[in-house]
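Reading through the structure tokens given below for one structure.
Quick note on labels: first sequence line is chain A, next is B, and so on, each numbered from 1.
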Amino acid sequence: MKKILAADNLCYSINETKLFQGLSFDLFEGKAIHVLGGNGSGKTSLLKIISGLSKPTRGSITKSNKKNVCFVGHKNALKQYLTVEDNLSLLEVDKHNDINAFLKKLELSKLLDVMVASLSYGQQKKLALLRLFLNDSDLLVLDEPCVGLDRKSQDILCSFLREQKEEKKALIFSSHISLDVDSEYINLDKAIS
Amino acid sequence: MKLINFEFLKLRKKSRGWLGPILVFILIMTAFPLTVEILNKNLEQAFFSILWIATLLVMMLATEDIFLEDYNDGSLEQMAIKYDSLSGLVATKIFVYWVLIGIPISLIGALYGFGITRSSESALQILPILLITTYIFLNVFSFGNALSLTKGSILGTLITMPLVLPLLVVLGKVVIAINLGISFLGFLFLLLGILSIIILILPMIISFVIKAHLE
Amino acid sequence: MIKKFIHQFASPKTYLFQVDRAYPYIFYASLFVYIGSLFWGLFLTSEDFVQGNSYRIIYLHVPASFISQSLYLAMAFASAIFLIWKVKLSAYLVKSIAPIGAVTTFIALVSGSIWGIPTWGTWWAWDARIISTLILFIMYLGLISLHDSFTDYEKADKFLAILVIVGSVNIPIIKMSVEWWSTLHQTASITVTEKPAIDASMLYPLFGSIIGFSGIVFCLVILSSKLQILLREKNKSWVKDYV
Amino acid sequence: MFNFAFDSIGEAFMMQSANGQYHGIYVWSVVFIVLTSLLVTFFIYKRKIRNIGKKIK
């Protein structure tokens, strides 16, 4: 059971206001962590620290493989003025072998030469999630993945996440909507000791 | 290598991004003779200073959303995670902007030079100078843009203008050298020296600034 | 080891208490020196052969332009410390020096241009040294506006430090521009290398006014850094009993 | 050491030079500007420190 991620005594504060303090947890492959907490309790900051975007004020994070992280944030990192096809090549997923299977499953295969700007928010979110479905990194960090997804896409996402867990991938995500993926829980509201 | 193709793709498709500055440059250069009456004696003299100021302004406009657009739609975050050091990415981005904006502007500037001073060898002389200066301006102004990423670009230009002014002193000397007809290779190499330092150092500083922004 | 020493020595708390103790002495001493040397310069020295009495502005202009440049170097030094060792106090110092630098550069600009009226006939001459001082003034304003545009202090400090260091490239260019462009401005009357270009009797008040003026500016920096520290550490416990 | 350059207060104010020009106006305006700007800056910082002090209490 390889340990993907180890965090001890993490604290993060902005302008002297402490978001969370003394947070320690380990993440093994094939396991998932669901980060809970009210708005502004530092969920996104924690996920940013884990994905290596920002550094904690105190404490440390050790990752088995620094670069192999897939981060899905609020912004879905698509170029509005480019077509879906161009965006796929930007996401470097266009040459992936089962790209067409996922496109069909998410009903995006017909929209390949459509400008992203003319897609609905839900469709854009599904397109952004392709980066998650076709990635090969062993640590998946998701920040509110289900926002804007319809019922059907949420099921696709949850089943995909369960699959990833069997394939020994580590998962850490924050979400208001409960994803039926069995995971340990970290509550940030209680972490402000 | 694929990074360069991506950046080309992104900029090429956004015509406002690269065509806009070039059109503004043409506008400024054509509007300049209108402000000075026909007698060509001082037209030639004023031409070079207008040329430098126009390049400065256009480079300011060109770098307005060089990082802002990627920052707003989140792809900057993805790149920061995927690539360890962003300086390679920043250098490619600036290089692509230079190819699509800097080179056309230098060619057009040289064309105008030929048109107004009617001596092809002076036009050919300022072409390399323009190529180097546009690249230096691009680097410096994208540094200002990166610093004031979310705060609007006026702050960016306010900060970087002082850094660029010493360069205008050098350009002023080049103009004098050209008018006197003496060879200005010395200045060319001085500009090349400045460019080589800036190309190495500024992308690193910019990537440090962007990482700080993303925190 | 150095990091521990710096953090322990340069904690805002110890800095604040030490500065409070030393402030009155420095203030009154430098005030006395400044006023004294001004008085000496304005009244006691004899008239300059060429410029008549207008040369007395040197006792106000030279200290200001000298201090404004050395303040920028002090900022560059403090921001280097901040970027390398993440010492909070040096970030506060950089932020507190910027407005003072702007004031001194403003004084240098105004006194320089007023001095220009009788000697060069115009109050604004396109001359390298004046333009470089104006550039310095704009850079100070740029620094202040950059720092004020961020709500998150940490980011603001980091960007300020970076801009200061990148901007400090301009300082040697100011020095170089005097010789390279060699126009109206008289070459520096005091250069570390050659013999000063003005007579000894005028020189001593000049030294006095430089020391006095830098003392007063130093007190201004202390005041502004006190303000910064109180502003930044206001919810810390020791601040409450300090105030 | 005390050889006054001017023999009366009035003349010190006018500061007439050898070439007949009155430089006093320039010198004194600079002195005025320098001292007022220093005083204003001192005053602003003192007041700000006092306000922040009150706010913290």
Identify the two heavy atoms, one from C:Gly167 and one from B:Leu163, that lie closest to each other, and give their separation to 0.1 Å. CA-CD2, 3.6 Å

Looking at C:Phe106, I want to see if its CZ is surrounded by more than 12 non-hydrogen atoms of other residues, nucleotides or ligands under 6.0 Å. no

For C:Gly142 and B:Ile159 the tightest heavy-atom approach is O-CG1, 4.3 Å

CZ of C:Phe159 to CG of B:Leu155: how many Å apart, nearest 0.5 Å? 11.0 Å

C:Phe218 atom CZ: more than 12 heavy-atom contacts under 6.0 Å: no

Return the minimal non-hydrogen interatomic distance between B:His213 and C:Lys155, and the atom names on each side. O-NZ, 3.2 Å

d(C:Phe150 CZ, B:Leu149 CG) to nearest 0.5 Å is 8.0 Å

